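Chain letters run A, B, ... following the sequence lines, proteins first and then strands; every chain starts at 1. Values in this document were obtained by computation on a predicted structure and should not be read as measured data.
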Amino acid sequence: MPELPEVEHARRCLERWLAGATVTRAFSGALVGQRVLEVSRRGKWLRLTLSEGARVFSHLGMTGRWLRRRPQEPRERWERGRLDAGGESARFVDPRRFGRLLARRRDVKAWEALGPDPLVDGLETHALARALAARRRTVKEALLDQRVVAGVGNILATEALWSARIDPRARTDRLSARQVAALARGLRAAIAHGLAQHAGDAPSYVQDAGGDNPFRVYGRAGEPCPRCRATLVRIVLGARGTTFCPRCQPRSTR
DNA sequence: AACGGAACCTGAAAGC
DNA sequence: TGCTTTCAGGTTCCGT
């Protein structure tokens, strides 16, 4: 499910629960007895660094989440692994099983292959322009490539393109410098907005009961565009749903 | 190397 | 109500 903001929230939670404490029980026996030094994140990957050189990598996939439990509490439904330390018990739960939970002694390839992370490295307009210009595909699809900007998923891409008034089908090599600058601003804003949704120990997601859709266009096909009132349209791009406004995200800018 | 599409899973929501 | 279809915020693999 999650994109950069949800994963960053998970990172902060895990850090709060586990950092500084010694692992007493874990999905991998090799981790027991080591102290949790830090919890870092790049894109949608989480990495826990332990004192004797072990590393835990976690990707939430579509439906993964980390829950805070007491060590004596029973196994969760769909629990795929746990990490107990300092009286806390973090449970990795993932119904759809697209997520990952790995114990390694070195960085995994997927982690090393990630492009710049907007929070860790900053999102630089020139770097974004270079990465996009090197590709020949639609902007929307390029934004989902984790080598372009780490952590962008379908929601952030959809929201940022709407912000920047760019048609998701526009080719990466045809974007103007102004459009790329607007896109970078749109991504930063969407990330900040996403981060602001999260507080406390529990992850929150769009589909959670009673929750309103907090996004401007994502999941709002058929509704009026919040900017120009034209009807938002849903198309499929790279096998994923994409919502946009055909009036204020025009194919051509001039 | 890069692209487009299918595959991997399961649950929830919508459609009939 | 119950069965069927569609959709889901992610990555990876495969053929071109």
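Comparing C:dC14 with B:dC9, their P atoms sit 14 Å apart, to the nearest whole Å.
Atom C1' of nucleotide C:dT12 and atom CG of A:Leu144 are separated by 15 Å, given to the nearest angstrom. Rounded to an integer number of Å, the gap from A:Glu141 CD to C:dT12 P is 17 Å. Rounded to a whole Å, the CZ atom of A:Arg65 is 14 Å from the P atom of B:dG11. Taking atom CG of A:Asp145 as the reference point, atom P of B:dC3 lies 8 Å away to the nearest angstrom. When rounded to the nearest whole Å, the span between OH of A:Tyr218 and C1' of C:dG10 equals 12 Å. Counting to the nearest Å, the P atom of B:dC3 and the CZ atom of A:Arg171 are 9 Å from each other. For A:Trp45 and C:dG10, the CH2 to P distance is 14 Å, given to the nearest whole Å. Distance CZ (A:Arg97) to P (B:dT10): 6 Å, rounded to an integer number of Å.
A salt bridge is defined here as a Lys NZ or Arg NE, NH1 or NH2 lying under 4.0 Å from an Asp or Glu carboxylate O, and A:Glu88 with A:Arg68 meets this definition. Taking the charged nitrogens against the carboxylate oxygens, A:Lys140 and A:Asp167 have no contact shorter than 4.0 Å, which rules out a salt bridge. For the pair A:Asp117 and A:Arg42, the salt-bridge criterion is not met [side-chain N within less than 4.0 Å of a carboxylate O].
Among A:Leu232, A:Ile166, A:Ile235, the single residue meeting the side-chain contact (heavy atoms from CB on, under 4.5 Å) criterion with A:Phe244 is A:Ile235. A:Glu8 pairs in a side chain to side chain donor-acceptor pair (under 3.5 Å) with only one of the listed residues (A:His198, A:Arg41, A:Lys44), which is A:Arg41.
Side-chain nitrogen and oxygen atoms of A:Arg240 include at least one within less than 4.0 Å of the OP1 or OP2 phosphate oxygen of C:dG10. When the side-chain nitrogen and oxygen atoms of A:Gln146 are compared with OP1 and OP2 of C:dT11, one or more of them lie within a distance under 4.0 Å. A sub-4.0 Å separation between OP1 or OP2 of B:dC9 and a side-chain N or O of A:Trp78 is absent. Within the 4.0 Å cut-off from OP1 or OP2 of C:dT11, at least one side-chain nitrogen or oxygen of A:His59 is found.
Of the candidate nucleotides C:dT11, B:dA2, C:dA8, C:dT11 has the atom lying nearest to any side-chain atom of A:Lys44. The side chain of A:Arg234 lies closest to C:dC7 when the candidates are C:dG10, B:dC9, C:dC7. For A:Arg137, taking side-chain heavy atoms from C-beta onward, the closest of the listed nucleotides B:dC8, C:dT11, B:dG4 is B:dG4.
Positionally, the nearest nucleotide of DNA chain B for A:Thr172 lies more toward the 5' end than for the other of A:Thr172 and A:Ala239.
Between A:Trp66 and A:Phe92, the ring planes lie tilted relative to each other; the angle falls in the 30° to 60° range.
Residue A:Arg100 is classed as having no contact, given no heavy-atom separation below 4.0 Å to the nucleic acid.
Under the stacking criterion of a centre-to-centre distance below 5.5 angstrom and an interplanar angle below 30°, A:Phe98 sits stacked against the six-membered ring of B:dC8.
Taking every heavy atom of residues 110-130 of chain A and every atom of DNA chain B, no pair lies under 4.0 Å.
Taking 4.5 Å as the limit, every side-chain heavy atom of A:Leu50 sits out of range of all side-chain heavy atoms of A:Arg55. Using a 4.5 Å heavy-atom threshold, the side chains of A:Thr231 and A:Glu223 count as separate. Inter-residue side-chain proximity for A:Leu161 and A:Val139 is flagged as met; some heavy-atom pair is nearer than 4.5 Å.
Side-chain atoms of A:Ser89 and A:Asp84 form a donor-acceptor pair, as typed in the model, at a separation below 3.5 Å.
Looking at DNA chain B, the stems built from 3 or more consecutive Watson-Crick or G-U wobble pairs, each pair with its key distances under 3.5 Å, are B:2-8 with C:10-16, B:10-16 with C:2-8.
Residue A:Arg96 places a side-chain atom within donor-acceptor reach of the base of C:dA8, judged by atom type and a 3.5 Å distance cut-off alone.
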